[in-house]
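What follows is a single structure, written as structure tokens, with notes after it.
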Number of protein chains: 2
Amino acid sequence: MSPTLVDIARETKTSVSTVSRVLSGGAMANRISKATRDRVKEAATRLGYRPNLLARSLRTRKTHTIGLIVSDIANPFYGYIGSLIERSLSKSGYSLMLCNSAEDANREADYLRLVTQRGIDGLILVPLLKHKKNLQTMVPSGLPLVLLDRPITGVDASVATDQEQAATVLCDTLAKAGVRKVAVIAGPEYVSTHRRRAEIFAQRFELVAPVHHGPAHKETGRAAFREMLPRLSEAQAICCTNNFLAQGVIDSVAQIDLKSKPPIVAVFDEIPMMDLLPIPIVCSIQDVTQLAETTVAQLLTLLEDPAAKLEPVMIPAKPLSNRAFQVISFAPQPVAEAATA
Amino acid sequence: MSPTLVDIARETKTSVSTVSRVLSGGAMANRISKATRDRVKEAATRLGYRPNLLARSLRTRKTHTIGLIVSDIANPFYGYIGSLIERSLSKSGYSLMLCNSAEDANREADYLRLVTQRGIDGLILVPLLKHKKNLQTMVPSGLPLVLLDRPITGVDASVATDQEQAATVLCDTLAKAGVRKVAVIAGPEYVSTHRRRAEIFAQRFELVAPVHHGPAHKETGRAAFREMLPRLSEAQAICCTNNFLAQGVIDSVAQIDLKSKPPIVAVFDEIPMMDLLPIPIVCSIQDVTQLAETTVAQLLTLLEDPAAKLEPVMIPAKPLSNRAFQVISFAPQPVAEAATA
DNA sequence: TTGTACGCGTTATCAA
DNA sequence: TTGATAACGCGTACAA
């Protein structure tokens with residue numbers, strides 16, 4: 001077993017408290033004579049002492065660790081934002097423990113319990129659950145908590161992209177290009193972001209088929225494409241509520257005849273290397289850096305003062321289109337609309 | 001504060017041990033009369049009791065938690081493999097704590113310390129450090145440990161793609177297409193996978209410029225492309241040691257004249273939607289599912305018997321090319337070579 | 001069937 | 001400048 005304070009105390013003919021004071025390093029260490037201090041330090045390194053953080057945290061009620069529960073770590077969006085949050089937190093002396101709820105309510109509950117019971121100083125959550133009540137039963141009041149990407153009404157500390165604005169700039173861009181009829185492929189209806197995005201599409205354009213809902217994976221995009229294929233010729237655009245769905249669609253487009261002009265693909269988040277794709281694409285780009293930094297900022301203020309009053313933050317998105325889109329964007333039926341270029 | 005066993009004992013006129021026995025649930029619970037059992041349970045839910053896992057783990061020396069430290073969670077490869085490992089472990093009753101060393105030796109050390117001192121039952125590591133010695137000083141002997149993606153000589157429990165084979169099938173495919181001269185863009189030289197891949201490229205083909213090393217990000221790919229541009233016309237292929245670098249290269253290709261025939265891009269890992277890209281691409285695809293499952297299997301056997309003797313596992317990769325590549329693959333100078341299709 | 005008492009490894013309080 | 005000693009919250013051998 002790993003040596004403990006007792007071992008070092010015995011080895012060095014002192015007491016555990018002395019050893020603790022020396023090894024904890026703080027201001028207390030200076031109150032110990034240099035002689036014993038050196039003796040203790042020497043013994044510690046010689047025996048390979050490693051403090052038991054479980055015991056320390058049990059005593060101090062601090063862990064210097066933040067929990068982050070995301071809904072799908074396989075999605076590069078969350079991977080990227082996770083890496084930014086980690087870097088930002090480490091500057092403030094916090095470590096990050098990342099958990100993946102995999103868009104599964106049971107797993108979310110499990111990790112919520114695990115992470116809170118295991119001791120963390122703060123929590124960042126991309127929630128699956130939708131109501132403040134359920135949240136309150138899962139996480140102890142008093143624990144600094146910031147919601148990320150999916151706000152919940154009534155919870156003050158939250159950071160997310162402005163869904164209405166993000167969808168609006170996307171629709172504006174499409175409308176300017178003359179789009180009137182679209183097909184919509186969306187993620188799970190019970191996820192607020194997906195649902196809301198789909199609603200806005202449906203509100204702004206005429207649908208050639210009912211909205212297709214499914215897990216936010218490539219496979220759903222492909223399946224939806226196959227299913228909607230007969231009606232797709234009427235649509236000027238295919239609207240996807242996230243990048244995975246869109247990649248499935250784009251994959252499928254590759255399988256069919258590219259000579260007939262392909263529909264525009266409208267999508268949230270980035271499509272890698274889209275400038276080279278022979279399909280017109282327009283994205284609503286979230287400001288990931290801003291999301292990460294604001295989230296950490298909110299959490300840090302909460303960490304300082306758990307009673308701090310915060311307000312939900314909305315961060316605007318920017319539309320971005322590829323070359324193929326810019327070529328066709330002088331299409332018929334321009335619509336007068338204020339675009340937030 | 002959250003209620004403890006003492007609170008419930010007081011509330012229910014029993015002792016902590018009784019409460020503990022009931023709430024721990026195991027075989028002990030049946031040795032308690034149904035009457036008090038119900039009374040205790042009722043009080044527990046009424047007071048909203050949540051066991052303190054720090055204290056429990058301190059006592060039992062078990063956490064049912066596995067640590068996973070990856071080198072770059074922003075890379076979809078690690079995000080995906082992380083999600084697979086998480087799912088697989090949760091079937092065996094373990095939770096996963098994911099940490100991001102961000103390809104930074106200090107952070108790796110920090111998390112290694114944190115995660116081991118904080119108590120985990122096992123560890124999966126994508127190591128940055130290269131020598132068994134350094135590893136041994138960081139992680140306590142006796143802790144079940146499996147290396148992922150980057151083997152270290154002398155460490156038995158490790159799972160990785162067979163780098164030699166993966167690079168070989170890639171080179172074979174290129175050679176068959178008549179490639180003789182290439183440019184190589186590689187990740188950090190101190191990372192074994194990147195270094196080894198670059199070496200094999202250099203060994204099989206003639207280089208039009210020295211190998212370009214840099215952080216494994218898109219930006220490096222772009223910079224390398226710019227820098228090598230003058231010499232690129234002589235190269236029939238650009239070889240990248242990971243997908244991020246390749247995406248940077250592909251982005252850059254989009255900026256130049258596409259009418260002159262573009263070079264082949266050879267790369268490890270997947271390039272999304274590559275069938276639609278107007279550039280010939282050939283990838284060496286790692287079997288991520290297999291990697292994840294084997295890693296978990298190794299860890300589970302180690303968890304059962306920490307003294308179990310394991311052997312490093314190598315998993316073969318498969319070459320995959322896109323449409324644009326298949327069109328040009330009847331190029332001159334075919335080379336007789338056994339391809340592992 | 002239930003309660004008492006101790007230990008897990010650490011920090012904090014109080015004397016000396 | 002140091003050392004006993006009591007928590008932190010939990011599980012469990014031992015006793016009743």
Side-chain angles (χ1 to χ4, degrees), chain A residues 1-41 43-44 47-65 113-114 116-119 121 140, chain B residues 1-41 43-44 47-64 113-114 116-121 140:
Chain A
M1 280 284 76
S2 195
T4 73
L5 291 184
V6 189
D7 298 316
I8 301 191
R10 191 184 328 111
E11 183 79 10
T12 185
K13 309 284 187 204
T14 60
S15 74
V16 275
S17 30
T18 305
V19 178
S20 173
R21 284 189 265 255
V22 172
L23 264 30
S24 298
M28 286 298 177
N30 295 329
R31 300 205 154 285
I32 302 286
S33 77
K34 178 144 173 43
T36 54
R37 216 192 312 165
D38 291 344
R39 202 151 39 99
V40 168
K41 279 184 179 171
L47 297 182
Y49 170 73
R50 331 179 67 234
N52 182 325
L53 263 36
L54 287 178
R56 176 179 291 176
S57 295
L58 179 61
R59 189 63 239 254
T60 63
R61 301 183 162 287
K62 286 247 161 304
T63 60
H64 299 289
T65 302
R113 208 176 328 144
L114 178 78
T116 54
Q117 294 180 358
R118 197 103 201 270
D121 293 349
Chain B
M1 281 288 73
S2 194
T4 72
L5 291 185
V6 189
D7 299 316
I8 300 190
R10 192 186 325 110
E11 183 79 9
T12 185
K13 308 284 188 204
T14 60
S15 75
V16 275
S17 43
T18 305
V19 178
S20 172
R21 285 190 261 256
V22 172
L23 264 30
S24 299
M28 286 297 180
N30 295 329
R31 300 209 154 284
I32 302 285
S33 77
K34 177 144 173 48
T36 53
R37 216 190 314 165
D38 292 344
R39 201 149 40 97
V40 168
K41 279 183 177 169
L47 297 182
Y49 170 73
R50 331 180 67 237
N52 182 325
L53 263 36
L54 286 178
R56 176 179 291 176
S57 295
L58 181 60
R59 188 65 237 259
T60 63
R61 302 186 163 287
K62 286 248 161 301
T63 60
H64 299 287
R113 207 176 329 144
L114 178 77
T116 54
Q117 295 179 358
R118 207 125 183 252
I120 48 169
D121 293 349

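Below, chains carry the letters A, B, ... as their sequence lines are ordered, and counting in each starts from 1. Just so it is clear, the structure is predicted and the values come from calculations on it, not from any experiment.
- Rounded to whole Å, the distance from CG on L54(A) to C1' on dG9(D) is 12 Å.
- The CG atom of L5(B) sits 13 Å away from the P atom of dC8(D) (whole-angstrom rounding).
- Candidate nucleotides dG3(D), dG3(C), dG9(C) were compared by shortest atom distance to the side chain of L58(B), and dG9(C) ranks first.
- Between dG11(D), dT1(C), dT11(C), one nucleotide has an atom nearer to the side chain of S24(A) than all others, and that is dT11(C).
- Helix-axis bend for the helix from dT1(C)-dA16(D) to dA16(C)-dT1(D): the local axis fitted to the five terminal pairs at one end deviates from that at the other end by 50°, rounded to 10°.
- In this structure, the nucleotide among dG3(D), dT10(C), dT11(C) sitting nearest to the side chain of Y49(A) is dT10(C).
- Atom CG in N30(A) sits roughly 15 Å away from atom C1' in dT2(D) (whole-Å rounding).
- In this structure, the side chains of L5(A) and L23(A) come closer than 4.5 Å at one or more pairs of heavy atoms.
- Between R61(B) and dG9(C) there is a side-chain N or O to OP1 or OP2 distance below 4.0 Å.
- Put simply, the side chain of L114(A) reaches to within 4.5 Å of the side chain of L53(B), judged on heavy atoms.
- There is a side-chain donor-acceptor pair under 3.5 Å between S15(B) and T18(B).
- For the pair T18(B) and dG3(C), the criterion of a side-chain N or O lying under 4.0 Å from OP1 or OP2 is met.
- At a cut-off of 3.5 angstrom, the base of dT5(D) holds no donor-acceptor pair with the side chain of S17(A).
- Between L58(A) and A55(B), the closest heavy-atom pair is CD1-CB, 3.9 Å.
- Rounded to whole Å, the distance from CZ on R21(B) to C1' on dA15(D) is 11 Å.
- Counting non-hydrogen atoms under 4.0 angstrom, S33(A) reaches the backbone sugars and phosphates but no base.
- Remark: P of dG9(C) and CG of L47(A) are 15 Å apart, rounded to the nearest angstrom.
- Each of T36(B) and L53(A) lies near DNA chain C, and the nucleotide nearest T36(B) is the one positioned closer to the 5' end.
- Between R50(B) and S2(B) the shortest heavy-atom distance is CG-OG, 4.1 Å.
- In this structure, S15(A) and R59(B) both approach DNA chain D, and ranking their closest nucleotides by distance from the 5' end singles out S15(A).
- Within the nucleic acid shown, T60(A) comes within 4.0 Å of sugar-phosphate atoms alone, with no base atom in reach, counting heavy atoms only.
- In this structure, R56(A) does not reach the dG9(C) phosphate: none of its side-chain N or O atoms is under 4.0 Å from OP1 or OP2.
- With T14(B) as the partner, the side chain to side chain contact (heavy atoms under 4.5 Å, CB included) test is satisfied by one option alone out of I8(B), V22(B), V19(B), I32(B): V19(B).
- Counting heavy atoms from C-beta on, the side chains of T63(B) and R118(A) come closer than 4.5 Å.
- The separation between I32(A) atom CD1 and dG3(D) atom C1' is 10 Å, rounded to whole Å.
- Electrostatic pairing of R10(B) and D7(B) counts as a salt bridge here, judged by a charged N lying under 4.0 Å from a carboxylate O.
- Between the CD atom of Q117(B) and the P atom of dT10(C) there is a distance of 10 Å, rounded to whole Å.
- Here the P atom of nucleotide dT1(D) and the NZ atom of K13(A) are 24 Å apart, to the nearest Å.
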